[in-house]
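Only one structure is covered here, and it is reproduced in the block below.
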Number of protein chains: 2
Amino acid sequence: MTRPATRPLTLRDVSEASGVSEMTVSRVLRNRGDVSAATREKVLRAAKQLGYVPNKIAGALASQRVNLVAVIIPSMSNMVFPEVMTGISRALEETDLQPVVGITDYLPEKEEKVLYEMLSWRPSGVIIAGLEHSDASRAMMAAAGIPVVEIMDTDGTPIDAAVGISHRRAGRMMGQAILEAGYRRIGFMGTQLGADHRARKRFEGFTEALAKGGVEIEDREFYANGSALAKGREMTQAMLERSPELDFLYYSNDMIGAGGLLWLVEKGYDVPGKIGLAGFNDVRLLQGLPQKLATMDSCREEIGRRAAEMITARLTDPDAPGGKVELSPKINRGDTLRSR
Amino acid sequence: MTRPATRPLTLRDVSEASGVSEMTVSRVLRNRGDVSAATREKVLRAAKQLGYVPNKIAGALASQRVNLVAVIIPSMSNMVFPEVMTGISRALEETDLQPVVGITDYLPEKEEKVLYEMLSWRPSGVIIAGLEHSDASRAMMAAAGIPVVEIMDTDGTPIDAAVGISHRRAGRMMGQAILEAGYRRIGFMGTQLGADHRARKRFEGFTEALAKGGVEIEDREFYANGSALAKGREMTQAMLERSPELDFLYYSNDMIGAGGLLWLVEKGYDVPGKIGLAGFNDVRLLQGLPQKLATMDSCREEIGRRAAEMITARLTDPDAPGGKVELSPKINRGDTLRSR
DNA sequence: GTGAAAGCGCTAACAT
DNA sequence: ATGTTAGCGCTTTCAC
């Protein structure tokens with residue numbers, strides 16, 4: 001329970017303790033240039049003994065280099081972004097770059113603020129979720145003079161580069177698969193469309209595919225907050241009481257889909273005989289449910305990894321490709337989407 | 001898809017563009033000191049027009065102040081730490097401090113590395129999970145000369161201050177509650193005890209309480225990785241095939257408990273008549289399961305909030321209380337722990 | 001292989 | 001209300 005009020009140590013302290021110039025101490029601590037084994041020893045010993053921790057602020061200012069990558073995402077409690085982070089971290093582990101995360105809560109104003117904060121630390125690159133940003137945000141990123149990779153979505157024009165999937169296409173694919181399986185009376189449940197552009201695009205693609213088959217969504221319901229599992233359960237019950245004729249339910253994410261599935265199984269519905277189900281994301285968390293929900297892989301970890309790789313590539317070679325990288329999500333039919 | 005190679009703007013650029021000294025520009029941008037409305041206008045216009053983003057690196061070096069709080073936690077995909085983060089963020093939102101997160105993956109060496117990295121940015125404070133750290137880590141934190149709050153656990157001696165619950169006591173409480181309810185033949189499932197000190201302490205407290213009642217755990221099983229829900233299901237099945245006489249299963253976390261619950265309900269077990277269940281954490285995510293699992297609130301958001309408040313308090317007043325704050329988790333009996 | 005000088009972009013402290 | 005000076009703790013550059 002002690003807290004010494006000592007001023008943090010500086011290079012100078014190590015220099016004095018070891019009898020070596022500050023410059024050489026700096027070289028040793030960064031493994032730079034030629035330093036004799038003897039002085040290296042001396043310096044390292046002194047540094048460790050004092051408990052010296054370098055001041056990166058001063059280092060960054062002097063070298064004009066900051067080994068940080070700003071990662072800006074809407075949320076962390078979403079099951080999807082932690083996996084993106086895993087991909088990013090893995091890819092950066094082999095480099096000397098470090099990810100630093102900012103959360104926007106799906107609010108454009110907050111995104112702008114977080115971006116401003118992060119850019120003021122002069123990171124080496126930016127990885128940011130989505131293609132929709134305020135004008136100010138876009139301007140900041142364009143002006144920062146660093147690689148910027150927009151992730152998760154490819155339906156739009158990136159500022160600099162993008163890696164993701166087409167959510168519109170993902171929605172279309174699921175719509176087609178459902179029609180091909182023979183379902184016709186379809187209900188939709190999801191988050192309130194608005195802040196979440198990717199959910200909206202999936203919804204648009206979905207309705208588009210249905211329309212092409214001459215089918216329209218017969219019922220829909222949206223939710224804002226609360227436990228997704230519980231919401232899925234509640235919304236499913238409400239919808240089936242209202243529209244008992246439905247033979248398929250498309251959920252905008254796996255969690256509410258799982259809630260719906262649990263309710264249906266509990267009530268003795270024949271899934272997928274009487275009614276089929278599908279979600280989105282392929283969250284690993286849900287392995288272990290009584291039945292496996294049909295879903296679609298959103299390539300989260302790969303997106304993170306590729307984004308980080310694009311940053312490092314453009315850092316070593318400013319003319320590295322960039323552009324848009326569209327990954328191909330696959331449908332996983334699980335146990336709840338079967339031809340009938 | 002453009003990326004101008006322009007050098008980042010400096011205060012000097014804004015100064016020249018506005019015809020005001022660098023110092024006054026700095027004052028305006030930080031809302032410091034008296035600046036006439038007229039010059040303030042001029043400066044703000046120029047800054048915005050140029051798209052100037054201050055360089056916090058230089059600012060921090062000059063002012064010797066960094067408005068960052070290092071938050072060091074084992075994992076983000078755990079359901080528990082995102083909620084701690086929520087508490088921290090909420091509490092810091094009212095201040096000018098910002099949380100920066102580092103992940104240790106429950107590895108002491110990684111904790112040490114992450115800590116070193118973060119401290120080298122000279123944060124204003126540290127919030128770190130757990131009371132168990134390597135000697136080097138403890139030394140670094142003690143030497144940093146900043147407030148350090150260790151969270152989640154109070155079974156041990158903090159470096160500087162701590163907020164959390166006693167996991168040993170939590171385990172004991174659950175053990176007592178189970179005995180009082182009349183269960184006697186008890187099985188335990190959890191993560192491999194080792195890296196996760198808090199799970200280990202709960203287990204110790206649990207067995208201790210049982211021992212006091214003359215009861216011993218009859219079967220146990222540990223897992224390392226994989227989907228927790230699926231693991232809970234598998235382990236439960238394996239354990240009940242091995243030890244069909246069990247009348248209670250205590251899980252070290254809610255996710256595996258939920259997996260077990262789903263399997264039991266599916267197999268037609270009478271829960272809690274024939275067999276009772278309990279988990280730990282009270283994760284909100286699980287609202288929506290067929291039955292509500294007995295569990296114990298781990299006070300995650302409050303812990304985060306209190307920790308952040310302790311940091312701010314000790315920043316304004318270096319002699320602010322500190323010490324150990326032990327919160328009191330409550331048992332939530334749900335539908336799976338009933339007197340018999 | 002090692003050291004000395006200059007300066008990174010800001011802000012504290014002191015003018016005016 | 002505004003400007004000037006010095007310097008934060010490092011690294012770059014150049015000298016030896």
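Letters go in sequence order (proteins before strands), and every chain restarts at 1.
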The side chain to side chain donor-acceptor pair (under 3.5 Å) partners of A/R300 (sequence neighbours excluded) come to A/E83, A/S298

Please report, to 0.1 Å, the donor-acceptor pairs under 3.5 Å made by any side chain of residues 119-127 of chain B, with sequence neighbours excluded.
{"unit_1": "B/S120", "atom_1": "OG", "unit_2": "B/E117", "atom_2": "O", "d": "2.6"}
{"unit_1": "B/R122", "atom_1": "NH1", "unit_2": "A/V53", "atom_2": "O", "d": "3.3"}
{"unit_1": "B/R122", "atom_1": "NH1", "unit_2": "B/L119", "atom_2": "O", "d": "3.1"}
{"unit_1": "B/R122", "atom_1": "NH2", "unit_2": "A/V53", "atom_2": "O", "d": "2.7"}
{"unit_1": "B/S124", "atom_1": "OG", "unit_2": "B/V66", "atom_2": "O", "d": "2.4"}

How far apart are the closest heavy atoms of A/G156 and A/K324, and which atoms are they?
O-NZ, 2.8 Å

Which part of the nucleic acid, if any, lies within contact of A/N55, taking any heavy atom under 4.0 Å across all strands shown: a base, the sugar-phosphate backbone alone, or nothing?
sugar-phosphate

By salt bridge (Lys or Arg N to Asp or Glu O under 4.0 Å), which residues pair with A/E132, not counting sequence neighbours?
A/K201

Between A/E22 and A/S15, the two heavy atoms sitting closest are N-OG, 3.5 Å

So where does chain A start and stop touching DNA chain C, 5' to 3', when the test is distance under 4.0 Å to a non-hydrogen atom?
C/dG1 to C/dG9

With B for base contact, S for sugar-phosphate-only contact and - for none (protein heavy atoms under 4.0 Å), nucleotides 11-16 of chain D reads BBB---

Without decimals, in angstroms, what is the distance between B/Q64 CD and D/dA6 C1'?
14 Å

Sequence neighbours left out, what passes salt bridge (Lys or Arg N to Asp or Glu O under 4.0 Å) with A/R27? Give chain and number order.
none

How sharply is the helix from C/dG1-D/dC16 to C/dT16-D/dA1 bent, taking the axes over five pairs at either end and rounding to 10 degrees?
30°

Side chain to side chain donor-acceptor pair (under 3.5 Å) partners of A/D155, counting only residues at least two apart:
A/S166

Salt bridge (Lys or Arg N to Asp or Glu O under 4.0 Å): which pairs involve residues 95-109 of chain A, sequence neighbours left out?
A/D105-A/K110

Listing, residues 134-150 of chain B side-chain donor-acceptor contacts under 3.5 Å, not counting sequence neighbours, or none:
{"unit_1": "B/S134", "atom_1": "OG", "unit_2": "B/E112", "atom_2": "OE1", "d": "2.8"}
{"unit_1": "B/S134", "atom_1": "OG", "unit_2": "B/S137", "atom_2": "N", "d": "3.1"}
{"unit_1": "B/S134", "atom_1": "OG", "unit_2": "B/S137", "atom_2": "OG", "d": "3.0"}
{"unit_1": "B/E150", "atom_1": "OE1", "unit_2": "B/I159", "atom_2": "N", "d": "2.6"}
{"unit_1": "B/E150", "atom_1": "OE2", "unit_2": "B/H133", "atom_2": "NE2", "d": "2.9"}

Between C1' on D/dG9 and CZ on A/R7, what's the gap in Å once rounded to a whole number?
11 Å

Run B/T154 and B/I165 through side chain to side chain contact (heavy atoms under 4.5 Å, CB included) and show every step you take.
CA-CA 6 Å; B/T154 58; B/I165 65 172; 5.7 Å; no

A/R12, CZ: over 12 other non-hydrogen atoms inside 6.0 angstrom
no

Output all residues satisfying salt bridge (Lys or Arg N to Asp or Glu O under 4.0 Å) with B/R90, sequence neighbours left out; order by chain, then residue number.
B/E301

Write down the distance between CG (B/L61) and C1' (D/dC10), rounded to a whole number of angstrom.
8 Å

Here the residues of residues 35-48 of chain A within 4.0 Å heavy-atom distance, strictly under, of DNA chain C are A/V35, A/S36, A/T39

Nearest heavy-atom contact between A/M118 and A/A70 is SD-CB, 3.8 Å

